[in-house]
Amino acid sequence: MAVLTEEREPIKRLSVKSFSQIFKYALRHWPYFIFVILAMVVTSFYDASFTPMMNKSLVKALEGMTIAGNDLASFNINVEMIFGINFDLRFYEFMGLFLFSMLVRCVSIFFTLYLADLLSVQIMDDLRRESFEKVQQLSFSYFDKTPTGWILARMQNDTSSVSDLLAWGLVRFFWTIFEIFFLLVTMFSTSWELTLLILTLSPVIMIATPIFQHFLLKFHRIARNAYSNYVRWLSECINGTSTIKTLGIEDNVYHEASEVVDDIRKKLKRAMVLRSFFGPFVNLVSSLSIGLVILICYPNINNPGAWLVVDSSLFVLFVSSVSEVYTQISDFSEIYNEFVANQANAEKIMALINEVPELEDRPDVIEKYGTLLNPKLEAYEPIEGDIEFKNVSFSYLPEIEVIHNLNLHIKKGTSLAIVGETGSGKTTTANLLCRFYEPSEGEVLIDGVNYKDRSVGWLRNSISYVQQNPFIFTGTFRQNIAYGKINATDEEIKMAAHIVGIDKFIEEQKDGYDTVLSDGGNQLSLGQKQLISFARSIVRNPRILILDEATSSIDTESEAYVRGAIDKILDGRTSIIIAHRLSTIVNCDRIIMMENGVIIEDGTHRELMAKKGRYFTLYMSQFQDLKIDTQIETYEREQKLAK
């Protein structure tokens with residue numbers, strides 16, 4: 001069911017603090033910024049000062065010229081520039097300078113656009129690398145409470161929008177600043193009286209901008225939250241496609257999709273309406289300023305007795321400059337709005353990158369063993385496989401303890417089966433051993449050493465965990481098996497496939513081990529996926545192997561074959577088997593039964609059956625739906641295996 005959540009974040013003004021961390025990604029590529037700024041200075045000077053002053057000089061020269069009485073070749077133009085620069089040019093020299101300056105402007109714009117695009121790509125690359133690196137470091141608990149869609153939205157959409165903002169937003173910001181600077185310098189250098197008169201309407205923009213940005217920030221955050229909700233919902237629908245089709249609820253899901261999309265549209269429309277209103281408002285102020293210039297200047301053109309003497313060239317300069325000033329103010333406001341609109345994106349992507357994993361190695365451990373992404377493999381001590389839980393308690397949530405004072409010693413090279421009802425703590429115990437989570441109390445010892453005294457990478461380097469639901473990566477059979485050991489040889493890969501009995505199936509494919517698997521291996525049966533998962537674990541040659549309902553999706557014939565193969569590879573290794581189907585663990589060295597996070601029975605299959613306790617009851621209940629002859633046959637076979 002689509003749940004439309006509302007924005008819960010507090011509404012704030014544009015926060016420099018929110019962007020302070022994100023700006024460091026732009027500053028990493030400061031050489032690009034230097035060249036871009038130099039190019040923008042050239043372009044801004046041309047647009048805001050050079051061209052208006054050249055036009056002013058030409059108009060002023062034309063006032064004293066008649067076409068019939070003057071030869072263009074000898075036509076002299078006195079060019080006045082800012083900062084007191086003044087020089088004379090012939091008409092063709094004047095046009096040559098104009099054409100040359102246009103060529104320089106084209107080159108500077110090319111470098112500005114090219115370097116801005118390049119900068120955007122570099123920033124996006126940095127953000128995506130660091131966000132993905134953080135995702136690899138985060139603990140299981142983070143993924144327990146964070147929707148997949150939220151993470152995807154951060155890593156895909158937010159990194160793209162923020163990188164564009166940092167590159168093009170900053171480029172446009174500085175470009176606008178330079179344009180306004182050269183415009184004001186040009187205007188003040190020609191007539192400070194008219195400049196001050198024109199700027200009398202600027203406070204209207206200064207007052208209106210904070211009001212607009214307050215509501216714009218609010219609406220954009222709400223719209224962004226709606227989009228994140230859509231990505232989350234879409235991820236759930238794609239992952240649950242088989243369930244949707246099995247239940248035949250496509251029409252209901254379609255209506256949910258309409259609700260979610262309509263929710264986004266309504267919230268985006270509200271933000272866009274407000275954003276679209278701001279530009280025309282600035283244009284209205286600009287038009288009023290132009291009208292004010294015409295009203296004041298036109299009666300005073302070439303009027304020596306006027307309080308403000310204005311010639312035609314000055315009038316033309318200010319009419320064009322007023323429009324340009326407010327255009328730049330409008331652009332500046334637009335840039336400001338873009339920063340406001342993307343502030344939530346910047347905050348969320350930095351929240352992901354700054355997320356602190358709940359499970360981290362100590363600094364001294366990192367110094368010796370390295371990190372998960374940069375391990376010091378040469379420092380890894382070999383694991384023998386002796387495991388001990390000492391007074392271990394664990395809670396997923398505060399005050400809700402699921403493992404209670406667990407004491408369990410597993411000798412190296414032995415096989416231990418953990419059985420019990422759903423929620424008894426079987427998988428949690430295995431997760432604690434793999435250090436996916438850490439005990440709330442007590443300690444876990446590997447070969448007599450607290451596993452917190454060694455790195456997470458050291459532990460997982462020698463453990464293979466085969467889960468109930470196998471995952472197939474996009475890639476070949478060879479690559480999927482080699483994920484367990486990236487540098488595995490072809491012989492090791494083929495041997496692992498042979499041990500689990502998937503080798504013949506792979507070799508029958510058109511491209512053999514190089515056959516590409518896609519879409520999570522949808523072309524494979526669930527049992528075949530699990531066999532590949534087995535091979536992936538076996539190729540690592542682990543000292544500790546954990547099977548969490550690993551044979552539940554394999555047919556009876558394949559299961560018997562795999563169990564025989566596993567018995568061979570487990571020889572001399574420590575293994576933990578979690579099972580609901582008790583027939584799969586009767587030949588384990590030891591079986592413990594858990595209930596509500598504590599061990600209630602412990603022994604071999606024969607010992608526990610002789611006690612006729614909870615294990616006996618659970619075991620026999622799994623045969624109650626079989627015919628009596630099948631019950632006896634199955635029971636006798638399992639008893640034979642147990643001997």
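Counting begins at 1 with the first residue of the sequence. Only heavy atoms go into these numbers, but all of them, side chains included; no hydrogens, no water, no symmetry mates.
The backbone N or O of Y396 lies less than 3.5 Å from no partner atom in the side chain of E401, so there is not a single donor-acceptor pair. With D602 contributing its side chain and I592 its backbone, the two residues share no donor-acceptor pair below 3.5 Å. Proximity of a side-chain donor or acceptor of N374 to a complementary backbone N or O of G370 within less than 3.5 Å is not detected. A donor-acceptor pair under 3.5 Å links the side-chain atoms of R540 to the main chain of N461, judged by distance alone. Proximity of a side-chain donor or acceptor of K426 to a complementary backbone N or O of E421 within less than 3.5 Å is detected. Here the side chain of R362 pairs a donor or acceptor atom with the backbone of K452 at under 3.5 angstrom.
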Could you check F477 against D503 for side-chain contact (heavy atoms from CB on, under 4.5 Å), going step by step and ending with a plain yes or no?
CA-CA 10 Å; F477 281 106; D503 56 327; over 6 Å; no
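In this model, a donor atom of one side chain and an acceptor atom of the other lie less than 3.5 Å apart for T159 and R128. Side chains of N450 and D453: no donor on one and acceptor on the other come within 3.5 Å. With 3.5 Å as the limit, one finds no donor-acceptor pair spanning the side chains of S455 and D361.
Atom OH of Y451 is surrounded by more than 12 heavy atoms from other residues, nucleotides or ligands within 6.0 Å. Under a cut-off of 6.0 angstrom, the local environment of NZ in K24 is crowded, with over 12 non-hydrogen atoms contributed by other residues, nucleotides or ligands. The local environment of CD in E507 is crowded, with over 12 non-hydrogen atoms from other residues, nucleotides or ligands closer than 6.0 Å. When the shell of 6.0 Å around CZ of F132 is examined, it contains 12 or fewer heavy atoms from other residues, nucleotides or ligands. Remark: F35 CZ is loosely packed, at most 12 non-hydrogen atoms of other residues, nucleotides or ligands lying under 6.0 Å away. Residue K412 qualifies as open at atom NZ: its count of foreign heavy atoms under 6.0 Å is 12 or below. Within a 6.0 Å sphere centred on CE of M495, heavy atoms belonging to other residues, nucleotides or ligands number 12 at most. In the displayed structure, Y114 atom OH is contacted under 6.0 Å by at most 12 heavy atoms of other residues, nucleotides or ligands.
Among residues two or more places apart in sequence or in another chain, the side-chain hydrogen bond (donor to acceptor under 3.5 Å, both in side chains) test is passed with N487 by none.
A salt bridge does not link K368 with D364: none of the charged nitrogens is closer than 4.0 Å to a carboxylate oxygen. Looking at E355 and R154, no side-chain N of the basic residue comes within less than 4.0 Å of a carboxylate O on the acidic one, giving no salt bridge.
Rounding to the nearest 0.5 Å places CD1 of I387 at 4.5 Å from CD1 of I576. Interatomic distance, R28 CZ to Q122 CD, rounded to the nearest 0.5 Å: 11.0 Å.
Ring orientation note: the planes of Y437 and F394 are tilted relative to one another, at an angle of 30° to 60°.
When all heavy atoms of A116 and A167 are compared, the pair lying nearest together is O-CB, 3.5 Å.
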